[in-house]
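Each remark here refers to the structure printed beneath this line.
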Amino acid sequence: MGLKENIKLSKSFIGPEEIDSVVEILKKGYFGMGPEVKLFEEELSRFFGREAICVNTGTSALQLALQSIGVGEGDEVLVQSLTYVACFQAISATGATPIACDVEPNTLTICLTDAKRKISPKTKAIMPVHYAGNPGCLEDIYLFGKQHNLRIVEDASHSFGSIYQGKLIGSMGDVCCISLDGIKNITSGEGGLILLDNSLTANKLRDIRLLGVEGDSAKRAAGLRSWNFDVSEQGWRYHMSDIMAAIGRAQLKKFSLLKTQRQFLATRYKQLLDQNHVRLNDADYSLIVPHIFAIRVNPMYRDRLVVHLENDHNISVGLHYRPNHLLTFYKDNQDNSTLSVTEEVYRSIITLPLHPGMTEGQVEFICGVVNNYLHAEV
Ligand SMILES: *Cc1c(COP(=O)(O)O)cnc(C)c1O
């Protein structure tokens, strides 16, 4: 028997629409930030019903969002340890300190009991991560923010398209950041998005993504450049290019297909995996658009199951995430004593393949491999 074709953990879903759009931009000969980014922002602004600012990555979206609300040197930001290092890097890039918090066992979203313990006079903001697409109890997070006078920067990188209490994630709340990198729910190749209501802050963000050059975003959208300008704060070269925006616009047009496919495949996983041996996160896939599908198994055979999936069946799996409080750069000054759920999850979690190009048959096959393995182990 030959080796089966590899099932990728994640993959972007690109068709002729994206390819044609990029070719159009290449033919125009200007690849920087210009009219195409403006059009993408207008479409996103209509989609979410508020200000939309595009940048080059999700990480820079988080960093700029924090800067725009005044988070910087000497401040602290509460964030779950179980997240991509992008969150921690975005916080430390502003000069602030990320404070690692534990997660809720059912959703793997930030544990407010632990967050409360870790509030100090320096705490300025909380960064909830909508793990695997689920915002968890977002209402409680907002209540918590209000009670403790904290700003909220949502990391909705996993949850583009998810619905919470009848509303689209990103369409409400304080400041919401979304990654549009190659494997996320929608992609612009690489990219990031900041969503908020305050138009003054939005304009500030439009400046600081372009080295702080005042009014440069509007000029570029009109095909002009700034020569005589002022700069009044630290800025960054974090803008999106027209090539990326062209990919993003094509993806946004077919988002309902991407969404339906992700929800369908995750629902099949949930139906087929033997939940006597596999623990799943709470998730209603009629509302949540899942970015990843993570399962938890007994840590005694987690690593062997990973090897079995990858080596025996050519199924690529992932680990979301190595907790940030274990990383050399962040491990000092963290209170590890309250991160027990995080550490337990780290020992038991496996991310199974999930992307819109997968077939139902592939999900059935993966579930069969996992179930058979676990039945033989116990
Ligand atoms: C992907 C991701 C990011 C960072 O986005 P990039 O666009 O890759 O910089 C941030 N947070 C989470 C939870 C992510 O999954």
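Counting convention: from 1, in listed order, for ligands and their atoms alike.
Taking the six-membered ring where tryptophan is involved, the planes of Y238 and W236 are essentially parallel, since the angle between them stays under 30° and well short of 60°.
When all heavy atoms of I315 and P353 are compared, the pair lying nearest together is CG2-CG, 3.7 Å.
Distances shorter than 4.0 angstrom do not occur between any heavy atom of H320 and any atom of ligand 1. Within the 4.0 Å heavy-atom cutoff, A90 does not count among the residues contacting ligand 1. The shortest separation from a heavy atom of Y321 to ligand 1 is under 4.0 Å, placing the residue in contact.
At a heavy-atom cutoff of 4.0 Å, ligand 1 is contacted by the side chain of D155 but not by its backbone. With a heavy-atom cut-off of 4.0 Å, E190 does not touch ligand 1 at all. Contacts between H291 and ligand 1, counted as non-hydrogen atom pairs separated by less than 4.0 Å, are absent for every part of the residue.
Heavy-atom proximity to G191, at under 4.0 Å, picks out these atoms of ligand 1: 7 (O). In summary, the atoms of ligand 1 found under 4.0 Å from a heavy atom of A86, numbered by their order in the structure, are 3 (C), 4 (C), 10 (C).
The pair E17-K254 meets the salt-bridge criterion, since a charged nitrogen lies less than 4.0 angstrom from a carboxylate oxygen. The residues K28 and E24 are annotated as not salt-bridged, no charged nitrogen and carboxylate oxygen being separated by less than 4.0 angstrom.
Residue G58 places at least one N or O, backbone or side chain, under 3.5 Å from an N or O of ligand 1. Looking at D181 next to ligand 1, an N or O pair under 3.5 Å apart turns up.
Two rings, from H320 and Y131, have their centers 6.0 Å or more apart.
Applying the side-chain hydrogen bond (donor to acceptor under 3.5 Å, both in side chains) criterion to K219, with sequence neighbours excluded, gives no partner residue.
Using a 4.5 Å cut-off between side-chain heavy atoms of Ile, Leu, Val, Met, Phe, Trp and Tyr, L180 falls into a hydrophobic cluster with F13, M33, V37, F40, L44, F47, F48, F160, I163, L168, I178, I186, L193, L195, L210, M240, M244, L252, F255, L257, L258, L287, V289.
Taking each of C177, G192, S157 in turn, the one with a heavy atom nearest to atom 3 (C) of ligand 1 proves to be S157.
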- prompt: Would E154 and Y142 satisfy side chain to side chain donor-acceptor pair (under 3.5 Å), going step by step from the backbone distance to the final call?
  reply: CA-CA 10 Å; E154 290 177 44; Y142 273 91; 2.6 Å; yes
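If you check which protein heavy atom lies closest to atom 14 (C) of ligand 1, you get K184 NZ, 3.3 Å. Residue, atom and distance of the protein heavy atom nearest to atom 15 (O) of ligand 1 are H158 NE2, 2.9 Å. For atom 9 (O) of ligand 1, the closest non-hydrogen atom on the protein side is T59 OG1, 2.6 Å.
Looking at D216 and S226, their side chains do bring a donor and an acceptor atom within 3.5 Å of each other.
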